[in-house]
Asker: 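Questions regarding the structure given below will be posed in turn.
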Amino acid sequence: MYHLELINTCHKPMNSASIQTQHQHHSRWAPDNVLLPILELSQFPTFVDLPLFASKIPAGFPSPADDHLEATIDLNRQYIRHPAATFFIRVQGHSMIEAGIHNGDMLVVDRSLEAQSGSIVIAVVNGELTVKKLVIDGDEVWLRPENPEFEPMQIKDGMELHIWGVVAHVIHSFSG
Amino acid sequence: MNVFAIADANNFYPSCERVFQPHLDGKPVIVLSNNDGCVIARSNEAKLLGVKMGAPYFQIKKFAMQEGITVLSSNYALYGDMSQRVMLCLSRYASRVEMYSIDECFLDLSGLPQDLMSYCQTMCKTVKQWTGIPISIGIAPTKTLAKLANRLAKKGYSAHGAVLDWQTLASPDAILESTPLEDIWGISRRLSEKLQAIGIDHALALHNADPKYIRQHFGVVMERIVLELRGISCIPLEEMPPPKKQIMTSRSFGEKLTSIDDLRSAVTHFAARSGEKLRHQQLSAQALTVFIQTSPFDTQHPQYANSATTEFDRPTDNSAQLIAAAHRGLQQIFKTGFSYQRAGILLPDLLPAGVAQTSLFDIVENSGRSEQLMATLDNINRVHGKRTIRYASEMISKRWHMRQQFKSPSYTTNWRELLTINI
């Protein structure tokens, strides 16, 4: 199974993700010592510096844009406000499609955020992890899927609900 | 007055595992040492079932199955990452912190205007919410008393849950009297026996002992403990860990090794890893010791242990040189006919990198290139994941790899092993 995964990944086009960090495709020695590119380890946090302005400088002539050069923009700094509290989670399934969460997407979960009615949350119901929209309606607490084919779940007496974290962003790749 | 706090994660390894496997909450969990040898961490439920720290796994395997105890191999990638998150969280609450171990952190809370108790309770709550890790906090005028306060908090002595302030205890003397010497930070079993031999039986007796007398008989370190027990701070916060004097990279193997090729592979890996550690800390090694040994517990087979030390002409932090020295040493000490259980590399004498003078005959350009090569190697391995580029002789054998039968995924450090939720 491990081998199949390696081969699959290496034939995928890697350049069409909507948000993609440099660190996603790396190389590693496969068990039989063959070099294959696969998704690999990354240090956390990673930094991807993209210059806001970039210009080629002809020798002797400074670019008029140089005075306007600003700090680089960094996806991590923008989307990960609390590194200690931020976790990446992969989802499998279709119950949150109308919230823009598709099968195989990666969620950026910020545990420092307080969940409110309407938040997309990682919830633990009776020990099981799930991703749903939290809806608080008076005394009633619901976990609502964002797909009409799935049933909402009301949290009743005797059920244990724990909010694991709040989904801050979703990363969807078009490379499938 | 000084105010120290120590924040200590409760059952840290099992707690890390539970963040990603919440169904283990409230259930007994144990974590095993490298090679799944013995128990190194237990959840409260496992402690209540009577699982002892250090118990060999093969002895309790059946019991664990009968009692429904979840058994896990240690997952240091996960624990290291979670530790960093906890420390990062804690450092928001104090201007000075000392990361004392993977799951303990001293904080300097001197001069805080706020109510200490509620401040620390907020700290516990935030760490739990942000990271999922439960912590306890002990507060006191000295580090030694803060450690004691933390122990008491864990045992449920506090009226304020996970936080205990030594200064608010109604009868600290009674508590010291019921505290065994070995529960005091810095007192080993051996020292405790020596103290008992002169009639000092518990923490209160040590607290009341004459510091001068203690210093004469036990030295200045023990005198400091006496003073610290009295609330006089003698052990300051160490914000920067002192530079390492030696580097050791060693491991016991998943299976016993008999061939020199297997050992060479392991030793190459240890030497390369030692080189990484050296460069990371900007140190260089003056000598390298390689050692191999059979299992001291294996009485069925003949035993052998030996080591060889190579001195370098000039201090080095170059992995290739370390590996070459390790290979030469191994060649000298290896004997056939033994089942080797452990090997390692020790760099006993370290200098700050760059201190060494290059000799007259050094080709300066060449030595610059070797630094560049090492920097490139480290950079690739940092960005693309550990062991992306390795020395070929590391790859000859895999037999020396650790046994980790029950390891959970590297949820936070590997893209391919992220927590996956079915929705």
Side-chain angles (χ1 to χ4, degrees), chain A residues 2 5 9 21-29 31 33 38-44 46 82-97 101 103-107 109-114 122-132 145-147 150 160 162-165, chain B residues 18-27 77-78 80-92 125-133 378-392 394-398 401 409-423:
Chain A
Y2 188 65
E5 197 183 340
T9 319
T21 63
Q22 287 180 348
H23 306 299
Q24 279 206 340
H25 33 117
H26 301 315
S27 321
R28 188 176 196 240
W29 289 99
N33 294 358
I38 54 165
L39 301 178
E40 244 300 325
L41 291 170
S42 168
Q43 288 287 327
F44 180 82
T46 58
H82 309 102
T86 301
F87 294 84
F88 299 142
I89 289 178
R90 184 86 57 197
V91 292
Q92 262 170 16
H94 304 276
S95 71
M96 294 299 284
I97 273 181
I101 299 174
N103 189 26
D105 281 359
M106 195 177 76
L107 308 179
V109 179
D110 187 342
R111 292 183 55 121
S112 74
L113 303 176
E114 292 291 340
I122 310 291
V124 183
V125 184
N126 298 333
E128 293 299 319
L129 283 155
T130 185
V131 182
K132 292 289 177 286
E146 293 285 286
N147 180 340
F150 290 77
E160 232 178 280
H162 162 65
I163 302 300
W164 194 96
Chain B
R18 280 174 170 168
V19 172
F20 301 91
Q21 301 185 60
H23 64 94
L24 295 178
D25 272 344
K27 306 231 168 72
L78 178 66
D81 179 77
M82 294 302 281
S83 169
Q84 276 183 18
R85 290 166 183 270
V86 170
M87 300 295 174
L88 201 57
C89 240
L90 289 171
S91 56
R92 297 162 63 94
K125 193 170 159 263
T126 306
V127 171
K128 174 77 173 130
Q129 184 182 334
W130 284 37
T131 68
I133 301 295
D378 289 344
N379 204 26
I380 290 173
N381 283 340
R382 193 177 64 244
V383 172
H384 296 258
K386 261 186 190 169
R387 315 201 321 134
T388 301
I389 293 193
R390 278 180 273 170
Y391 285 87
E394 279 182 70
M395 319 273 306
I396 293 168
S397 154
K398 273 188 175 171
H401 284 204
S410 298
Y411 294 112
T412 56
T413 52
N414 189 333
W415 286 117
R416 286 178 300 132
E417 298 183 18
L418 296 182
L419 176 63
T420 298
I421 302 181
N422 290 309
I423 63 170

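Residue numbering restarts at 1 for every chain, and letters A, B, ... go by the order of the sequence lines.
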Asker: Side chains of A:L129 and B:L419: closer than 4.5 Å at any heavy-atom pair?
Answerer: yes

Asker: Indicate yes or no for a side-chain donor-acceptor contact from A:W164 to the backbone of B:V19 under 3.5 Å, with no hydrogens or angles considered.
Answerer: yes

Asker: Please classify the contact of B:K27 with chain A as side chain, backbone, both or neither, using a heavy-atom distance under 4.5 Å.
Answerer: neither

Asker: With only heavy atoms counted, which part of A:H162 is less than 4.5 Å from chain B, the side chain, the backbone, both or neither?
Answerer: neither

Asker: To check you understand the geometry: which heavy-atom pair defines the closest contact between A:A84 and B:C89, and what is its length?
Answerer: CB-N, 4.4 Å

Asker: Using atom types as modelled and distance alone, determine if a side-chain donor or acceptor of A:R90 lies under 3.5 Å from a backbone N or O of B:R416.
Answerer: no

Asker: Quick check for you: to the nearest 0.5 Å, what is the distance between A:H82 atom NE2 and B:T131 atom OG1?
Answerer: 14.0 Å

Asker: Just give me the residue among A:I163, A:L113, A:I101, A:V91 that pairs up with chain B most often, heavy atom to heavy atom, under 4.5 Å.
Answerer: A:V91

Asker: Measure the CG-CD1 distance between B:L418 and A:I89 for me, rounded to the nearest 0.5 Å.
Answerer: 8.5 Å

Asker: Below 4.5 Å, heavy-atom pairs only: which of B:V127, B:L24, B:I421, B:V86 has the largest tally toward chain A?
Answerer: B:I421

Asker: Step by step, work out the side chain to side chain contact (heavy atoms under 4.5 Å, CB included) result for B:Y411 and A:F87.
Answerer: CA-CA 9 Å; B:Y411 294 112; A:F87 294 84; over 6 Å; no

Asker: Which pair of non-hydrogen atoms, one from A:R111 and one from B:Q129, has the smallest distance, and what is that distance?
Answerer: NE-O, 2.8 Å

Asker: Non-hydrogen atoms of chain A under 4.5 Å away: do they reach the side chain of B:M87, the backbone, both or neither?
Answerer: neither

Asker: Does any N or O in the side chain of A:E128 come within less than 3.5 Å of the main-chain N or O of B:H23, such that one atom is a donor and the other an acceptor?
Answerer: no

Asker: Which atom pair, heavy atoms only, marks the closest approach of B:N422 to A:Q92?
Answerer: OD1-OE1, 3.0 Å

Asker: Return the option, out of A:G165, A:G127, A:P145, with the maximum number of heavy-atom pairs under 4.5 Å with chain B.
Answerer: A:G127

Asker: Heavy-atom cut-off 4.5 Å, strictly under: side chain, backbone, both or neither for B:D25 against chain A?
Answerer: neither

